Amino acid sequence: MVIDGKSIAKEIRHEITTEISRMKDEIGVIPGLAVILVGDRKDSTTYVRNKKKACESVGIKSYEVCLPEDSTEEEVLKFISGFNDDPEVHGILVQLPLPSHMNEQNILNAVSIEKDVDGFHPLNIGRLAMRGREPLFVPCTPKGCIELLHRCNIDIKGKQAVVIGRSNIVGMPAALLLLREDATVSIVHSRTKNPEEITSQADIIIAAVGQPNMVRGSWIKPGAVIIDVGINPVEDATSPRGYRLVGDVCYEEACKIASAVTPVPGGVGPMTIAMLLSNTLSSAKRMHNFQ
């Protein structure tokens, strides 16, 4: 089975649109999302444009700040502080990566935890890691991965799950979420001695390393479920852009062995943005005690 992230995300966006118009009708509040972009990295500019378009499509008001590459940290912090204090902004997103002269930690920590729709605030991650605590927000990409599993009725409880990659943005929170769903979780990373052996025992694989086609057929247990977070450009002379996008998993091989797999593009990508919209909506609901 191909897990169609695009159509599942569309379904979620439809649910969000309905809730937003109900909120507007009942209490006159429109959720607002502020996006801060520093520099003009091509990929980041594309992501920000897509986020803005997605906001418009569900009725979220978007506020956008684009700063030049050579801006100072203080300038970025000034905008964050303004959005923190603005009652019409319910979510604040700083597009990563930031230019190398900026301290990412200082900047992310400046975002009010109540508006941290990316879920990167250390308090949100800390609560995610602890039993019996609830984070205000869960990072969008790993949240989207788990949502795909839920909406495809894939059982997680008691299953062997392997997360490939240990980044703060995807790998680590994905492992914590799987643990919350009662999976038995292993994390495979660049220092792992026998990645193939560990991965081939998994019922569920979440791959987030940024290595094109790293996970081969031989790494996959027959009937496993694969969520491929990778989006890697590889040269392709036949493509009009000169490249095509592939995941961290060799899709052709995985399709023959796995019971379900997400395509790249059209798998996890659309879900990440849907979860951002969902986090922004819950933030507005929380701030206004709207059920």
Side-chain angles (χ1 to χ4, degrees), residues 1 3 5 96-97 100 104-105 119-120 122 124-126 128-131 135 138-146 148-149 152 154-235 244-265 267-269 271-272:
M1 167 174 89
I3 298 175
L96 301 178
S100 52
E104 189 172 288
Q105 212 173 316
F120 294 154
N124 274 324
I125 295 288
L128 180 63
M130 293 168 77
R131 297 195 66 173
V138 173
C140 302
T141 300
K143 184 181 180 179
C145 295
I146 303 295
L148 282 176
L149 295 172
C152 294
I154 291 157
D155 222 14
I156 306 176
K157 196 187 227 158
K159 292 292 200 306
Q160 297 278 349
V162 169
V163 176
I164 309 176
R166 53 175 168 181
S167 71
N168 290 339
I169 295 177
V170 187
M172 178 266 302
L176 292 173
L177 280 171
L178 286 164
L179 204 50
R180 283 196 159 224
E181 298 279 343
D182 298 324
T184 301
V185 185
S186 307
I187 301 175
V188 165
H189 49 77
S190 57
R191 302 283 185 270
T192 302
K193 290 275 190 283
N194 48 347
E196 181 173 341
E197 195 185 318
I198 294 170
T199 307
S200 63
Q201 293 171 33
D203 304 306
I204 297 169
I205 300 169
I206 295 184
V209 270
Q211 293 291 336
N213 298 327
M214 180 177 108
V215 177
R216 309 299 301 245
S218 60
W219 291 42
I220 301 165
K221 170 171 145 180
V225 172
I226 302 176
I227 306 288
D228 189 352
V229 180
I231 305 183
N232 310 295
V234 296
E235 278 185 27
R244 62 192 163 89
L245 296 175
V246 302
D248 294 342
V249 177
C250 185
Y251 186 73
E252 287 71 24
E253 293 176 14
C255 281
K256 298 182 181 123
I257 305 159
S259 64
V261 57
T262 59
V264 175
V268 176
M271 289 298 289
T272 296

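What you are looking at is a predicted structure, and each value in this text was computed from that prediction instead of being measured.
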Check against side-chain contact (heavy atoms from CB on, under 4.5 Å), F120 and L96 | CA-CA 11 Å; F120 294 154; L96 301 178; 4.0 Å; yes
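- Note that CG of L179 is 9.5 Å distant from CG of L128, once rounded to the nearest 0.5 Å.
- Between P173 and S167 the shortest heavy-atom distance is CD-O, 3.6 Å.
- Minimum heavy-atom separation, S218 to E196: OG-OE2, 3.2 Å.
- Between I3 and V225 the shortest side-chain heavy-atom distance falls below 4.5 Å.
- Closest of all the heavy-atom pairs between P212 and G210 is CD-O, 3.8 Å.
- Legend: residues meeting salt bridge (Lys or Arg N to Asp or Glu O under 4.0 Å) with E253, ordered by chain and number and at least two apart, are R216.
- To the nearest 0.5 angstrom, I164 atom CD1 is 12.5 Å from S190 atom OG.
- A 4.5 Å side-chain heavy-atom check between P265 and I231 finds every atom pair outside the cut-off.
- The two atoms that bring L148 and G267 nearest to each other are CD1-O, 4.3 Å, heavy atoms only.
- In this structure, OG1 on T262 lies 5.0 Å from CD1 on I227, to the nearest 0.5 angstrom.
- Here the CD1 atom belonging to I169 is positioned 10.5 Å from the SG atom belonging to C140, to the nearest 0.5 angstrom.
- Of all heavy-atom pairs between P195 and V188, the closest is CB-CG1, 3.6 Å.
- Going from atom NZ of K256 over to atom CD1 of I220 covers 11.0 Å, rounded to the nearest 0.5 Å.
- D248 pairs by the side chain to side chain donor-acceptor pair (under 3.5 Å) definition with N232, not counting sequence neighbours.
- Here the straight-line distance linking atom CD1 of I204 with atom CG of L178 works out to 6.5 Å at 0.5 Å rounding.
- Two residues are said to be in side-chain contact when any heavy atoms from C-beta on lie closer than 4.5 Å; Y251 and V261 meet this criterion.
- Side-chain atoms of C152 and M1, non-hydrogen and from C-beta on, do get closer than 4.5 Å to each other.
- Put simply, the side chain of D228 gets close to the backbone of G230: a donor and an acceptor are under 3.5 Å apart.
- Evaluation of the side chain to side chain donor-acceptor pair (under 3.5 Å) rule for E197 yields N194 as partners, not counting sequence neighbours.
- A heavy-atom distance below 4.5 Å is not found between the side chains of P135 and I125.
- Side chains of I146 and R180 form no contact here, defined as non-hydrogen atoms less than 4.5 Å apart.
- Crowding of N168 atom CG: a count of heavy atoms from other residues, nucleotides or ligands under 6.0 Å not exceeding 12.
- Considering V249, I206, V163, T272 as possible partners of V229, the one that fulfils the side chain to side chain contact (heavy atoms under 4.5 Å, CB included) test is I206.
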